[in-house]
Amino acid sequence: VTIDGTTKTTDSNGEVTFTIVQGEKDIQLSKEDYPNKTKTILVSSEETSIQYEDNIQRVSSASGLESGLIINDPIQLQNNIDFSEVSQTGFSYNKEFDGNGYSITNFNLSSTDKNTSFVSLGGVWKNTTFEGGIVENNSPEETDDSRLRYTNIFDKNRGTISNITVDGISFKGSENVTGGSEYISVVGSNEGVIEDTVIKNSSFEGKEEVSSLASLNYDGTIKNITVENTNITNTQDGTAAGLVTTNSYDNGDYNEVIRDITMSDVTISAVSGAGIVNNNNALIENATVSNLQLTANDGAGGIALDNDTDAEINNVSVTGSITGGEDVGGIAGQNHGNITDSVSEATVEGDRNIGGLVGKLYGNVSESASKGNVVVNNASEGVSYRNIGGFAGRLSNDASINQSYSTGDVSVSGTTSDIGGFVGDIVYQDSNISISDSYSTGDVSAGNSYSVGGFIGETRPDNGYSITIENSYSTGTVSG
């Protein structure tokens with residue numbers, strides 16, 4: 001509150017007092033949640049005390065929390081709240097909730113409806129810790145393939161989530177789901193801003209799409225996020241991602257889509273999965289993924305499962321272990337877009353189209369490096385075209401690599417083909433491929449396999465199209 005150039009902040013009761021001289025005065029209010037932004041009063045005596053009260057609900061109990069959410073008032077916590085005393089959920093809230101550094105503890109939330117969630121947010125939720133408990137969906141068996149289910153704290157965010165911590169909470173999708181789609185994460189659908197948020201010591205489990213922070217990021221901004229010591233598990237036939245299932249945009253401008261991410265000691269198990277995003281259709285920038293343990297039956301990527309056309313991955317790094325089936329890479333399982341200034345030091349293991357940085361490359365990679373080993377165990381007798389490379393497994397569709405290198409070893413046991421220290425296989429049917437200013441230094445050990453090379457294992461041309469390799473080389477030993 002400002003009067004005559006003097007600004008004061010309301011106390012814990014929402015009050016502020018001024019002593020001023022008489023005359024007409026404008027009271028200027030700095031927060032839109034107050035009843036008026038400017039109020040004019042006439043001071044009638046020589047010196048008068050003026051008291052103004054804001055409309056923030058200062059909450060000290062579970063009942064006060066419910067009341068504030070029901071009437072949709074601005075809320076500020078005054079102490080920790082025991083969520084076991086909260087009887088109602090599923091709120092729609094579009095004002096400002098300030099946790100004030102306090103915690104909502106014993107966060108046990110369950111429902112037999114298609115959605116299990118606490119709040120659908122259109123306003124601001126900040127400075128809050130959600131601590132301990134289980135968020136689970138107990139919906140009955142359902143076979144309608146069009147039915148969507150969400151198991152989250154926030155089922156939708158169209159506002160801003162800032163400076164929240166999720167600590168020691170288990171998220172579980174329905175065990176009875178047989179149809180439709182199921183999304184398990186802290187936030188179901190994000191169309192706003194999620195920033196300065198920490199997820200730690202937690203677990204996420206379900207049969208369909210499982211991730212830690214958000215299931216769907218539609219034209220939203222996610223920045224400055226930390227995920228640590230967390231397990232993410234798909235128990236049936238869907239996908240699992242360390243942060244977001246699908247990252248996309250609609251307005252033609254990336255803005256700040258997903259950036260400034262730190263992940264450590266995250267374990268992911270799924271049919272297919274990725275360290276940060278399964279389907280990236282926009283921008284991922286400035287991410288560090290440490291000690292990732294990713295195990296998939298099919299595709300896997302240390303950052304993205306599939307980096308789509310025109311999507312970008314920039315300035316990211318990965319360490320740990322990545323194991324999958326087909327299309328497995330230290331940064332991306334498949335890359336149709338652009339990867340720049342990125343490094344993978346993860347060990348990569350799989351069956352087909354396996355690369356230290358990218359499993360299958362259709363797009364562009366520049367100024368990037370693969371430093372981890374690439375391993376294929378027990379290659380089947382007589383199965384050709386495994387496409388195993390220290391940097392990329394397979395190149396096609398006008399793919400290009402520039403100013404990049406690999407230093408890890410490539411090791412294949414059994415009998416197969418198309419194994420290279422840098423690239424396993426190049427198919428340039430209806431496409432022109434280019435590699436420039438790049439090299440590999442790792443050794444290639446290919447057992448009884450054939451089409452084995454220190455730099456490229458195999459090239460398969462098509463009339464009228466070309467492959468260009470310039471200023472590139474390999475120095476590792478080759479056996480096979």
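Quantities reported herein were computed from a predicted structural model and do not represent experimental measurements.
Expressed to the nearest 0.5 Å, how far CD of Gln236 lies from CD of Glu208 amounts to 6.5 Å. One finds the CG atom of Asp425 at 8.5 Å from the OG atom of Ser451 (value rounded to the nearest 0.5 Å). Put simply, CD on Glu195 and CG on Asn224 are 8.0 Å apart, with the number rounded to the nearest 0.5 Å. The CG atom of Asn373 sits 11.5 Å away from atom CD of Glu345, with the distance rounded to the nearest 0.5 Å.
Not counting sequence neighbours, Ser411 has no partner by the side-chain contact (heavy atoms from CB on, under 4.5 Å) test.
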Report all side-chain donor-acceptor pairs from residues 273-280 shorter than 3.5 Å, counting only partners two or more places apart or in another chain.
from: Asn278; atom 1: OD1; to: Ala274; atom 2: N; distance (Å): 3.3
from: Asn278; atom 1: ND2; to: Thr239; atom 2: OG1; distance (Å): 2.8
from: Asn280; atom 1: OD1; to: Asn247; atom 2: ND2; distance (Å): 2.8
from: Asn280; atom 1: OD1; to: Ala282; atom 2: N; distance (Å): 3.4
from: Asn280; atom 1: ND2; to: Ala282; atom 2: O; distance (Å): 3.4
from: Asn280; atom 1: ND2; to: Asn307; atom 2: OD1; distance (Å): 2.7

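The shortest distance between side-chain heavy atoms of Glu136 and Ser110 falls below 4.5 Å. In this structure, Asn152 and Val186 have side chains that are not in contact, with every pair of non-hydrogen atoms separated by 4.5 Å or more. At a threshold of 4.5 Å between non-hydrogen side-chain atoms, the residues Thr340 and Glu367 do not count as touching.
Side-chain atoms of Asp265 and Asn229 form no donor-acceptor pair, as typed in the model, at a separation below 3.5 Å. There is no side-chain donor-acceptor pair under 3.5 Å between Ser370 and Ser344.
A centroid separation of 6.0 Å or more is found between the aromatic rings of Tyr405 and Phe422.
Between Arg386 and Asp418 there is no salt bridge, since no side-chain nitrogen of the basic residue lies less than 4.0 Å from a carboxylate oxygen of the acidic one. A salt bridge does not link Glu205 to Lys172: none of the charged nitrogens lies less than 4.0 Å from a carboxylate oxygen. Using a 4.0 Å cut-off between charged nitrogen and carboxylate oxygen, Lys360 and Asp327 count as a salt-bridge pair.
Screening Phe154, Phe83, Tyr93, Phe97 for a ring pair (Phe, Tyr, Trp, His ring centres under 6.0 Å) involving Phe118 leaves a single residue, Phe83.
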